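Atom set for the values below is all heavy atoms of this structure, side chains included, hydrogens, waters and symmetry mates excluded. The shown structure was predicted, so the numbers you read here are calculated from the model rather than taken from an experiment. Convention: sequence-line order gives letters A, B, ...; per-chain numbering from 1.
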Number of protein chains: 2
Amino acid sequence: MARRSARPDTASGITARLRDAITRGRLTPNERLVEADLAGRYGVNRAHVRTALAMLDQEGLVVRERNRGARVRAISDAEALEIAETRLAIEAMVARQAAARVTAADRKTLRTIEADMCAAVAGEDYSRFSRCNATLHGEIRRIAGNSTAARILDTLKSHLVRLQYRVILLPGRPQTSLAEHRAIIGALCKGDADAAEAAMRRHLTSFTRLLKHAIAAAAHGGF
Amino acid sequence: MARRSARPDTASGITARLRDAITRGRLTPNERLVEADLAGRYGVNRAHVRTALAMLDQEGLVVRERNRGARVRAISDAEALEIAETRLAIEAMVARQAAARVTAADRKTLRTIEADMCAAVAGEDYSRFSRCNATLHGEIRRIAGNSTAARILDTLKSHLVRLQYRVILLPGRPQTSLAEHRAIIGALCKGDADAAEAAMRRHLTSFTRLLKHAIAAAAHGGF
DNA sequence: CCCCGATAAATTGTCAACAATCCGGTTAGC
DNA sequence: GCTAACCGGATTGTTGACAATTTATCGGGG
């Protein structure tokens with residue numbers, strides 16, 4: 001999730017820190033981002049905050065209105081689904097590309113992650129499972145070697161992290177998710193591009209469906 | 001292609017103008033972007049140029065090295081293919097979504113564009129054909145109503161515009177391309193999601209293949 | 001009691017000056 | 001003749017001050 005390892009007191013450093021604060025929920029949607037405040041809080045110049053906000057605006061995590069300042073962008077329910085669907089399309093392609101390029105070393109890495117995931121689910125350690133999840137998807141992107149897709153997925157995921165906890169905590173979800181992930185890993189290790197893409201598609205379709213339900217439930221349940 | 005209609009002498013204005021200059025090839029790959037120069041040329045403050053460069057960096061059109069300045073990012077052949085493939089994945093999904101939402105008015109618009117395209121090819125007006133092409137893809141994105149995907153496609157396309165002329169000028173390409181587009185339009189008007197996705201996939205697969213050949217030819221032909 | 005205009009505070013937008021850094025050629029030393 | 005320290009120009013990085021704009025506050029009239 002760490003994107004650039006720059007000195008924390010520089011422009012790209014403050015960008016990374018702000019991005020982190022937003023994705024982790026320390027800065028809540030629609031919260032105002034006052035340049036002077038942030039500059040003081042993070043101990044940097046206002047100009048740095050300014051360029052950081054410009055970049056995060058370009059990235060879609062922040063909205064800016066002329067002479068009115070910046071605020072954390074609130075993504076609507078509809079938009080969350082858009083993001084999930086777009087992610088599905090890209091990640092399915094990535095899985096296909098990964099299957100075509102997987103090496104013996106990659107297979108070993110994937111199997112290690114698989115074992116780790118199984119252990120996490122068996123031990124009901126959902127935080128660990130979530131980390132494994134991220135590691136696996138990251139590894140698949142690495143194997144695919146499509147840096148363009150990887151960058152886009154990084155951005156999309158930064159919008160979804162807050163929402164995905166609603167899904168992973170649903171009863172029975174970890175077990176289902178584990179099975180889906182194992183299918184992906186199996187297809188990748190066989191180098192079967194069609195199967196890998198299909199498995200990834202099934203996995204993320206299932207995720208998207210649950211996300212949709214979670215959103216609908218929250219809208220009706222009313223909180 | 002115009003993204004924001006802001007006053008041309010402001011930060012987002014200069015960003016748009018620089019983006020335009022890069023995608024149109026007025027600023028060539030690896031060309032140095034000296035802040036003071038650009039500020040003078042566009043009649044704005046250096047700070048504006050600075051934030052514009054930061055945003056274009058985030059967008060991937062520009063690379064910046066600390067204390068060394070910015071230059072137009074040169075995309076490698078491999079990266080061009082990555083972009084084309086990623087675009088394919090997203091645009092296929094968009095076509096599917098558009099098919100599910102198309103209205104009577106949309107159908108009419110699509111047929112109008114189709115007629116325009118046919119006329120352009122018949123008259124061998126390839127500039128006009130290229131514009132129709134962009135209009136059609138834009139219209140499909142609008143119908144799909146997936147703003148997330150639309151934004152990503154916008155960015156990806158800004159990297160491809162320089163390359164696509166190599167493909168469209170190949171002998172016989174306009175005719176083939178026209179047929180592919182008509183298949184897409186037909187499927188959309190029927191509201192057939194599977195067919196629309198498949199047609200779009202065929203179209204962009206064909207484009208990607210030709211792009212690959214054009215790249216290989218340029219590499220061997222040697223210029 | 002509510003609405004409206006004037007004033008003040010807060011915040012962003014703009015700008016120019018200065019400091020730090022890099023890149024070229026140049027010169028001193030071996 | 002060659003290497004290495006070194007200087008000067010060019011360019012970016014940083015900072016603070018000031019202008020412009022929006023938002024909140026307050027007082028007076030309807």
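- Set against C:dT14, D:dG13, D:dT14, the side chain of A:R50 has C:dT14 as its closest nucleotide.
- With salt bridges taken as basic N to acidic carboxylate O contacts below 4.0 Å, one links A:R142 and A:D106.
- Distance, A:R66 CZ to D:dT22 P: 9 Å, rounded to whole Å.
- The CG atom of B:L156 sits 6.0 Å away from atom CG of B:L153, with the distance rounded to the nearest 0.5 Å.
- Pairs passing the salt bridge (charged side-chain N to carboxylate O under 4.0 Å, His left out) check and including a residue from residues 206-217 of chain B, sequence neighbours excluded, do not occur.
- You'll find that the side chain of B:N67 is closest to C:dC22, out of D:dT14, C:dG13, C:dC22.
- The pair B:R71-B:E31 does not count as a salt bridge, with every side-chain nitrogen at least 4.0 angstrom from each carboxylate oxygen.
- A cation-pi arrangement, defined by a distance under 6.0 Å to the six-membered ring centre and an angle within 45 degrees of its axis, is absent between B:R131 and B:Y126.
- A straight line from CG of B:N45 to C1' of C:dA16 spans 8 Å, rounded to a whole angstrom.
- Within the 4.0 Å cut-off from OP1 or OP2 of D:dC18, not a single side-chain nitrogen or oxygen of A:R46 is found.
- Comparing atom distances between the B:R68 side chain and each of D:dT12, C:dT14, C:dC23 picks out C:dC23 as nearest.
- In this structure, a donor-acceptor pair under 3.5 Å is present between the side chains of A:S206 and A:R173.
- Against DNA chain D, the stretch residues 32-44 of chain B makes heavy-atom approaches under 4.0 Å through B:R32, B:L33, B:V34, B:E35.
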